[in-house]
There are 2 protein chains.
Amino acid sequence: MTDLMAIGDVSRKTGVKVPTIRYYEGIGLLPAPPRSEGNRRLYGGKAVDRLRFIRHARELGFEVEAIRELLDFAEQPQRSCAKVDALAREHLQAITSRIERLTALKVEVESMIKSCAKGRIAKCRIIDTLSRHEHCLHAEH
Amino acid sequence: MTDLMAIGDVSRKTGVKVPTIRYYEGIGLLPAPPRSEGNRRLYGGKAVDRLRFIRHARELGFEVEAIRELLDFAEQPQRSCAKVDALAREHLQAITSRIERLTALKVEVESMIKSCAKGRIAKCRIIDTLSRHEHCLHAEH
DNA sequence: GTACAATCTCTAGCGACTAGAGGAGCAAGA
DNA sequence: TCTTGCTCCTCTAGTCGCTAGAGATTGTAC
C-alpha cells in the first residue's frame, strides 16, 4: 500500500547524505525503519518529513539536542508552544552573540592588516599584534 | 640563571590551560621543554611568549595550522611578510563570510519567532517553518 | 550469467581540545 | 619525620556532527 523507499531515494529527496541518515538513526534522532527481506532500510513519507525538518533545523544552526527537543514537542500538538518559542529565542541569542564576537574580531583583524607595511617580518605589525596582547582593540581576550 | 617555571605557572601567566599546553606540545606547536629531575616540564620566557601568541591567534579564530605557519614565518625575521599578510587576509575573508551567513540566519530565525502566536503546537509557526522548506526567506538551503 | 551499483555493518578519523584514571613528586604544617 | 594535599606525570577515551573507508551482501540492468 505505502510506497516505501530505499535509503538512497530518501537521501536524494531530503538532501541528507546516506551515512548521515544512518548516523541520525544511530543517535536516535530518526526512528529505525522496517527492513526488506534483504535487510535494507525501507522508509515511508514520515521519515522524509522528519529528515527535512532535521536538515532545515541543522542548516539554521540548531544543535542536535535542540532538534531532539523540537521534534519531541512537535509530536505533542496539544501542548503549548512556549517552550518551542523559548528554544528559538535562545538560539537567536546565540546567533546574535556569535555575530557580535565575529564583528569585533573582524575589526581587529582588519586593523592588523591595515598596519602591515609589507616589509620584512622583523617589523611585521601582524606578527607584532599577535604577540603582544596589550595592543588589542578589545579587552575581553 | 634563568627563572624556569612549572607548567601551572605558565598556565596562569598565559591563560592557556595545563592540558592544552601539553596538547600543543603533542601536536608540535610548542617545543618540548627541558625537564626537572622529577620529570616535570620547565619553561622559560620564550615558551610564555609563544603560548601568548598562540592563544591570541586562537582567540582571533586562526586555526592551528595557520598559527603553525605564522610561527614559522615569525622565526625568519629577514623574510618578506607578504605571506603573513595573505594569511591574515584569507582569515578576514573567512570571518566576513561567516558573519554574512550568520546574519542571513538571524533574519530567518527572527521572522520565525515573530510569526509565533504562542498558541498550541498544532498551529506552531516555528515548527511549521522548520518542517517546510518552501517557507524559507533564503534560497540557498 | 555477469557486471556494477547500492546497500549493509563496523571501525576510525576530523579539529581542538577536555575529562578522568592511576601514579609520582614536592612543599608546608604538626 | 610524617602526613596532608596540591601539582604534576602519562595514557586513554570522550566531545560534536558527521565523513571515509573496508569488506561483505543484495539488487538490477544488460
Side-chain angles (χ1 to χ4, degrees), chain A residues 3-30 32-43 47 50-71 91 94-95 98 101 105 141, chain B residues 4-30 32-43 47 50-71 90-91 94-95 98 101 105 141:
Chain A
D3 44 344
L4 296 172
M5 287 166 283
I7 197 167
D9 301 322
V10 175
S11 173
R12 252 161 272 128
K13 279 198 183 216
T14 61
V16 180
K17 288 179 191 158
V18 168
T20 307
I21 296 173
R22 288 195 279 248
Y23 169 73
Y24 287 156
E25 182 182 323
I27 62 169
L29 206 57
L30 190 69
R35 303 284 184 123
S36 74
E37 295 217 342
N39 195 34
R40 299 185 170 199
R41 289 167 179 86
L42 294 176
Y43 294 95
R50 200 173 170 101
L51 269 174
R52 285 208 177 115
F53 183 102
I54 294 169
R55 191 196 157 200
H56 198 184
R58 284 292 302 134
E59 275 166 348
L60 289 179
F62 285 87
E63 289 171 10
V64 164
E65 276 320 297
I67 295 172
R68 207 188 292 275
E69 287 188 64
L70 285 170
L71 282 165
H91 184 51
I95 293 169
R98 279 225 296 275
R101 275 185 300 127
L105 223 120
H141 60 261
Chain B
L4 297 172
M5 287 165 284
I7 198 168
D9 300 322
V10 176
S11 172
R12 252 160 271 128
K13 280 198 183 215
T14 60
V16 181
K17 288 181 193 157
V18 169
T20 307
I21 296 174
R22 289 196 279 247
Y23 168 73
Y24 286 157
E25 182 182 322
I27 61 168
L29 205 55
L30 190 69
R35 302 283 184 123
S36 75
E37 295 217 343
N39 196 34
R40 300 188 171 199
R41 289 167 179 86
L42 294 176
Y43 295 95
R50 199 173 169 100
L51 269 173
R52 285 210 177 114
F53 184 102
I54 294 168
R55 190 197 159 199
H56 197 183
R58 284 294 298 133
E59 275 167 346
L60 289 180
F62 284 89
E63 289 172 10
V64 163
E65 276 321 297
I67 296 172
R68 204 187 293 272
E69 288 187 64
L70 285 170
L71 283 165
E90 214 173 89
H91 184 51
I95 293 170
R98 280 224 295 275
R101 275 184 300 127
L105 221 121
H141 60 262

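We use all heavy atoms of the structure for the numbers below, so side chains are in, but hydrogens, waters and symmetry mates are not. A, B, ... follow the sequence lines: proteins, then strands. Residue 1 opens every chain.
Remark: B/Arg22 engages no residue in a salt bridge (charged side-chain N to carboxylate O under 4.0 Å, His left out) (not counting sequence neighbours). Partners of A/Phe62 by ring pair (Phe, Tyr, Trp, His ring centres under 6.0 Å), not counting sequence neighbours, listed by chain and number: A/His91.
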**OP:** Evaluate side chain to side chain contact (heavy atoms under 4.5 Å, CB included) for B/Leu71 paired with B/Ile54, printing each intermediate quantity in order.
**Re:** CA-CA 9 Å; B/Leu71 283 165; B/Ile54 294 168; 4.0 Å; yes

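For C/dT9, one of the phosphate oxygens OP1 or OP2 lies less than 4.0 angstrom from a side-chain nitrogen or oxygen of A/Arg35. Residue B/Lys17 has a polar side-chain atom (N or O) positioned under 4.0 Å from OP1 or OP2 of C/dT18. Side-chain N/O atoms of B/Arg22 include none lying less than 4.0 angstrom from OP1 or OP2 on C/dC17.
The line from CZ of A/Arg55 to OG1 of A/Thr20 is 11.0 Å long, rounded to the nearest 0.5 Å. In this structure, CZ in A/Phe53 is found 5.0 Å from CG in A/Leu70, a value given to the nearest 0.5 Å.
With DNA chain D read from its 5' end, the first of the two nearest nucleotides for B/Val18 and A/Glu63 is the one closest to B/Val18.
Closest non-hydrogen pair, A/Ser11 versus A/Val16, comes out as OG-O, 2.8 Å. Pairing each heavy atom of A/Glu25 with each of A/Ala32, the nearest pair is OE2-CB, 3.5 Å. The minimum heavy-atom distance linking B/Leu42 with B/Pro33 is given by the pair O-CB, 3.5 Å. Across every non-hydrogen atom of B/Ala47 and B/Leu30, the tightest pair is O-CD1, 4.1 Å.
A/Leu42 has its CG atom 13 Å from the C1' atom of C/dA6, to the nearest Å. Atom CD of B/Glu65 is separated from atom P of C/dG15 by 7 Å (rounded to the nearest Å). At whole-Å resolution of the value, CG in A/Asp9 and C1' in C/dA6 are 10 Å apart. Between the OH atom of A/Tyr43 and the P atom of C/dT7 there is a distance of 10 Å, given to the nearest Å. If you measure from atom CD of A/Glu25 to atom P of C/dC10, you get 12 Å, rounded to the nearest angstrom.
Mapping heavy-atom proximity under 4.0 Å, the span of DNA chain D touched by chain B runs 5' to 3' from D/dT7 to D/dT10.
One N or O on the side chain of A/Arg50 and one on the backbone of A/Leu29 form a donor-acceptor pair closer than 3.5 Å.
Taking a pair as Watson-Crick or G-U wobble with both distances under 3.5 Å, DNA chain D forms stems of 3 or more consecutive pairs at C:1-30 with D:1-30.
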Protein-nucleotides 24-29 of chain C N/O pairs under 3.5 Å:
residue, atom, partner, partner atom, Å
C/dG25, O4', B/Arg40, NH2, 3.4
C/dG25, N3, B/Arg40, NH2, 3.3

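Applying the salt bridge (charged side-chain N to carboxylate O under 4.0 Å, His left out) definition to pairs two or more places apart or across chains, those involving residues 10-20 of chain B are B/Asp9-B/Arg12.
Heavy atoms of A/Ile27 sit nowhere under 4.0 angstrom from any nucleic acid atom.
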